Amino acid sequence: MSRPLRIEYEEALYHITSRGNARQDIFIDDGDRRYFLDILSKTISITGWFCHAYCLMSNHYHLLIETPEANLSRGMRHLNGVYTQTFNVKHGRVGHLFQGRFKSILVEKDLYLMELCRYIVLNPVRAGMVEHPEQWKWSSYRATAGLEKMPEWLHTDWILGCFDKHQERAKNAYSQFVLDGLRWD
């Protein structure tokens, strides 16, 4: 039985997750993570996507992607496909790296989107990998909070604009908003 087609929209926002097959790690070392971000950068360039937030865990990743064109599946095929091929060669593996198709949830630009951005960058804290989101260098938190140089492909204007028109105040308010999310755990 064939899989149902994904319905894709222009100007859509998606929370995307993809997990390792049998929950295996998809990132063995920092070189894998750097390479994945490089492929993500190239995928964004090819597709015209906007990435608002991301987090790379050990056995899965989260992306918050906006698609000006209805091309989510094409871009994800490139991202996961190229990464899988390189990962398998590097680590002497064969076969599937990811468990089934990627998951995508359509989201709206409203308060929920801010909560989703917070959820994404708090993943490593909630998983017990670090105590504070700024300690995890494999998410968009550090760049959005102004703690490191922002990758060219990361778009934080909407998120920061929700907090303040002034960049520094917005970054501080964003950081506090994310930390406030830890109080509920």
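All values below come from the heavy atoms of this structure, side chains included, with hydrogens, waters and symmetry mates left out. Computed from a predicted model, the values in this text were never measured in an experiment.
In terms of modelled atom types and a separation under 3.5 Å, the side chain of Glu131 and the main chain of Val125 share no donor-acceptor contact. A distance-only check finds a donor-acceptor pair linking the side chain of Gln135 to the backbone of His132 [under 3.5 Å]. In this structure, the side chain of Thr67 engages the main chain of Tyr9 through a donor-acceptor pair within 3.5 Å. Judged purely by atom type and a 3.5 angstrom limit, Asn80 has no side-chain atom pairing as donor or acceptor with the backbone of Phe98. Side-chain N or O atoms of Arg118 include one that pairs as donor or acceptor with a backbone N or O of Phe177 at under 3.5 Å. No donor-acceptor pair under 3.5 Å is formed between the side chain of His155 and the backbone N or O of Cys51. Side-chain atoms of Asp29 come within 3.5 Å of backbone N or O of Asp32 as a donor-acceptor pair.
Separating the CG atom in Asp25 from the NE2 atom in His60 is a distance of 11.0 Å, to the nearest 0.5 Å. If you take CG on Leu79 and CZ on Arg77, they are separated by 12.0 Å, rounding to the nearest 0.5 Å. Between Asn21 atom CG and Arg93 atom CZ the span is 10.5 Å, to the nearest 0.5 Å.
A cation-pi arrangement is absent between Arg169 and Phe163 under the rule of less than 6.0 angstrom and at most 45 degrees off the ring axis.
In this structure, Tyr54 has its ring center under 6.0 Å from that of Trp153. The aromatic ring centroids of Phe36 and Phe27 lie less than 6.0 Å from each other. Taking the ring centroids of His62 and Tyr119, they lie under the 6.0 Å cut-off.
What you find for Leu160 and Thr144 is that their closest heavy atoms are CD2-O, 3.7 Å. A pairwise comparison of heavy atoms in Leu97 and Phe87 identifies CD1-CE2, 3.5 Å as the closest pair. For the pair His52 and Ile159, the tightest heavy-atom approach, listed with the atom from each and the gap, is O-CD1, 3.2 Å. Closest non-hydrogen pair, Trp136 versus Arg142, comes out as O-CD, 3.9 Å. Heavy-atom minimum distance, Leu182 versus Pro133: CD1-CD, 4.4 Å.
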Please assess Asp38 against Arg34 for the test salt bridge (charged side-chain N to carboxylate O under 4.0 Å, His left out), listing each intermediate value before the final yes or no. CA-CA 6 Å; Asp38 184 53; Arg34 279 190 291 276; over 6 Å; no
Walk me through whether Phe102 and Ser73 qualify under side-chain contact (heavy atoms from CB on, under 4.5 Å). CA-CA 9 Å; Phe102 64 93; Ser73 292; 4.2 Å; yes
Decide yes or no on side-chain hydrogen bond (donor to acceptor under 3.5 Å, both in side chains) for Asn172 and Gln176, but give the supporting numbers first. CA-CA 6 Å; Asn172 290 335; Gln176 188 58 54; over 6 Å; no
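Within 6.0 Å of NE2 on His96 lie no more than 12 heavy atoms contributed by other residues, nucleotides or ligands.
Remark: of the listed residues Ile16, Thr47, Leu106, Ile16 is the sole one forming a side chain to side chain contact (heavy atoms under 4.5 Å, CB included) with Leu72.
In this model, no donor atom of one side chain and acceptor atom of the other lie less than 3.5 Å apart for Ser41 and Glu152.
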